Amino acid sequence: SLSKKGGRSNNQRYGVMKADLNIFIENPLLGIGQGLRTPYVLNHLDEDTLNNTEVKMWINNIKNKGLINISIPMLGEYTSRLSETGIISFVLFMAPILLLLFRLLKYIIQNSKDTFVIFFTIAYIECLLTGIGTTLNELYYFWILLGFGYALVYVKNACNNKVEEVREY
């Protein structure tokens with residue numbers, strides 16, 4: 001669980017996320033490049049993380065198989081994306097995700113009895129929170145929810161607009 005710093009494999013997770021943030025701070029605009037973070041992460045890991053057994057295993061694998069064949073896992077979508085692509089790409093990546101979230105919340109405020117959209121929004125927010133501790137690319141259902149969410153918002157809004165047009169007559 002991400003909530004306990006010393007729990008399971010969280011020491012290396014936090015260490016890698018901190019390293020990603022430090023890489024981002026050094027390369028804020030454009031990042032370091034997609035897929036090029038392993039040597040940077042290795043140079044930015046703190047002492048606690050380097051002493052972790054799992055991290056030592058990663059380092060040994062990299063030494064044995066080479067940087068091209070093995071990489072440090074992406075242990076947080078947002079921090080990894082920031083370090084690799086910088087703020088410009090991160091904003092472009094997050095724009096449609098957050099736009100959908102705002103549209104869903106706006107719709108819920110106007111239609112508080114639509115339980116389907118409320119539960120969909122809860123599931124969507126859960127996916128966004130999952131991106132803190134893992135990569136969204138592994139969560140295929142996130143991308144399905146994103147597309148379905150846009151379809152849902154536009155269909156619901158179109159239906160509401162039709163109802164408003166009928167009421168005018």
Side-chain angles (χ1 to χ4, degrees), residues 1-106 120-153:
S1 137
L2 277 174
S3 62
K4 297 177 186 152
K5 187 172 189 234
R8 293 190 211 164
S9 60
N10 284 344
N11 284 339
Q12 82 273 4
R13 181 178 303 276
Y14 288 129
V16 169
M17 291 170 85
K18 283 193 296 187
D20 279 332
L21 287 175
N22 288 331
I23 294 166
F24 165 69
I25 289 168
E26 291 176 8
N27 305 280
L29 207 54
L30 299 174
I32 55 172
Q34 193 79 26
L36 301 174
R37 54 186 278 285
T38 295
Y40 289 91
V41 169
L42 289 174
N43 289 331
H44 286 83
L45 291 175
D46 59 27
E47 216 43 53
D48 285 343
T49 307
L50 285 170
N51 290 328
N52 183 286
T53 320
E54 195 169 349
V55 173
K56 287 179 181 178
M57 181 187 67
W58 294 343
I59 293 170
N60 283 335
N61 279 339
I62 290 168
K63 285 179 182 175
N64 293 334
K65 297 179 182 175
L67 276 172
I68 295 173
N69 298 319
I70 301 289
S71 63
I72 301 275
M74 291 176 68
L75 299 175
E77 177 72 37
Y78 309 121
T79 56
S80 297
R81 195 167 284 277
L82 273 169
S83 69
E84 286 187 342
T85 63
I87 193 70
I88 295 172
S89 182
F90 183 75
V91 168
L92 292 172
F93 171 76
M94 291 300 294
I97 293 170
L98 294 176
L99 179 64
L100 175 59
L101 180 62
F102 292 132
R103 285 182 176 265
L104 287 168
L105 294 174
K106 180 181 173 188
F120 177 86
T121 304
I122 291 169
Y124 184 69
I125 291 170
E126 176 274 329
C127 284
L128 292 177
L129 293 174
T130 302
I132 294 171
T134 190
T135 162
L136 296 176
N137 289 332
E138 293 175 2
L139 304 173
Y140 62 89
Y141 68 92
F142 170 76
W143 301 106
I144 293 170
L145 284 179
L146 184 66
F148 184 69
Y150 271 103
L152 179 68
V153 165

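Bear in mind that the values here come from a model prediction, so they are computed numbers and not experimental data.
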So do the side chains of Asp20 and Tyr40 get within less than 4.5 Å of each other, counting heavy atoms only? no

Please report the shortest heavy-atom distance between Ile72 and Thr38, naming the atom on each side. N-OG1, 2.9 Å

Which residues share a ring-ring contact (aromatic ring centres under 6.0 Å, His included) with Phe93, sequence neighbours left out: none

State which residues pass side-chain contact (heavy atoms from CB on, under 4.5 Å) with Pro96; sequence neighbours excluded, sorted by chain then number. Tyr150

When you compare the side chain of Tyr14 with that of Leu75, does any pair of heavy atoms fall below 4.5 Å? no

Could you tell me the separation between the CG atom of Leu104 and the CD1 atom of Ile125, rounded to the nearest 0.5 Å? 8.0 Å

Once rounded to the nearest 0.5 Å, what's the spacing between atom CD1 of Ile87 and atom CG of Leu82? 5.5 Å

Interatomic distance, Trp58 atom CH2 to Leu45 atom CG [nearest 0.5 angstrom]: 8.0 Å

Over all heavy atoms of both residues, which pair between Arg37 and Val16 is shortest? Give the atoms and the distance, please. NH2-CG1, 3.3 Å

Reported NZ-to-NZ distance for the pair Lys63 and Lys56, which is rounded to 0.5 angstrom: 10.5 Å

Mark yes or no for whether Glu77, through its side chain, and Leu136, through its backbone, hold a donor-acceptor pair below 3.5 Å. yes

Taking side-chain hydrogen bond (donor to acceptor under 3.5 Å, both in side chains) as the definition, give me every residue that meets it alongside Glu47, ordered by chain and number, with sequence neighbours left out. none

Non-hydrogen atoms of Met17 and Thr79 that approach each other most closely: CG-OG1, 3.8 Å

Asn52 (side chain) donor-acceptor with Asp48 (main chain) under 3.5 angstrom: no

Side-chain heavy-atom pair Leu36, Glu84 within 4.5 angstrom cut-off: no

When rounded to the nearest 0.5 angstrom, what is the spacing between CD1 in Ile32 and CD in Glu26? 10.0 Å

Taking only residues two or more places apart in sequence or in another chain, which ones pass side-chain hydrogen bond (donor to acceptor under 3.5 Å, both in side chains) with Thr49? Asp46

Does any non-hydrogen side-chain atom of Ile59 lie less than 4.5 Å from one of Leu50? yes

Asn61 side chain near Met57 side chain, heavy-atom distance below 4.5 Å: yes

Closest contact, heavy atoms only, Leu145 versus Cys127: CD1-SG, 3.5 Å

What one should report as the nearest heavy-atom pair of Ser83 and Ser80 is OG-O, 2.9 Å

Of all residues at least two apart in sequence or in a different chain, which pass the ring-ring contact (aromatic ring centres under 6.0 Å, His included) check with Phe120? Phe148

With sequence neighbours excluded, residues passing side-chain contact (heavy atoms from CB on, under 4.5 Å) with Met94: Tyr78, Phe90, Ile97, Leu98

To the nearest 0.5 Å, how far apart are NZ in Lys65 and OG in Ser71? 12.0 Å

Heavy-atom closest pair (Thr135 atom, Met74 atom, distance to 0.1 Å) is CG2-O, 4.1 Å

